[in-house]
Amino acid sequence: MAAVAIFCPLWFTLCAANALGGVADGHRGRLEAGRAAAIFAGPAAGSLLLWWASRTWWNGGPLITTSRTAWVIGAGVLLWAGTAQLTSVWTTPDSPVRAMNAAAAVFSPLWAVTMGVNLLLGLHADYSLTEEVPVLVVNLAVPLGLAQTATSAPVARAWMR
């Protein structure tokens, strides 16, 4: 449930930001709201379905039984990819570096706050701060490193192809 509680608000924020960007570019608000709803609905429904399946089929146990850190990093990379795709819609094909810089500017603070909440949840679950800080560093470093790497001109141009 924690994954759904973290994913859905972040994904909604990105979809809303995408819609506001479309309205700022002169698109009709109703059209952008419909697109935002469609973009939000699929992944949100998928996360809710996985949560329901985990609770139903595994008797409340986790659907994912391997290292949580690997899955958090994977979620960060996927969220970065979604952010990069949404920001690439706002920009013209001749400005891939601008699109990646915008994606990094949106993604980085969202991911940092999310990982801060993750650290607090770990502390609440009786992990010590010395156990949680290395996990925080790894969970932050990989997705944020990817975001920073994507802002370089060659990588940004390759992404936009």
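We use all heavy atoms of the structure for the numbers below, so side chains are in, but hydrogens, waters and symmetry mates are not.
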* Got Leu121 and Val117 here, is their nearest side-chain heavy-atom distance under 4.5 Å? -> yes
* Asked: Does a side-chain heavy-atom distance below 4.5 Å link Leu136 with Asn118?
  -> no
* To do: Check for a donor-acceptor pair, side chain of Trp111 on one end and backbone N or O of Asn139 on the other, with a separation under 3.5 Å.
  => yes
Can you get from [X] to [Y] by hopping between Ile, Leu, Val, Met, Phe, Trp and Tyr side chains that sit under 4.5 Å apart?
X	Y	value
Val135	Leu129	no
Val137	Leu146	yes
Leu119	Met115	yes
Leu123	Val113	no
Val77	Met100	yes

* Between Ala104 and Trp80, which heavy-atom pair has the shortest distance, and what is it? -> N-CZ3, 3.5 Å
* Measure the CZ-OG1 distance between Phe107 and Thr114 for me, rounded to the nearest 0.5 Å. => 8.5 Å
* Drop me the distance from Ile73's CD1 to Leu140's CG, to the nearest 0.5 angstrom. => 10.0 Å
* Asked: Do other residues, nucleotides or ligands put more than 12 heavy atoms under 6.0 Å from the CD atom of Gln148?
  -> no
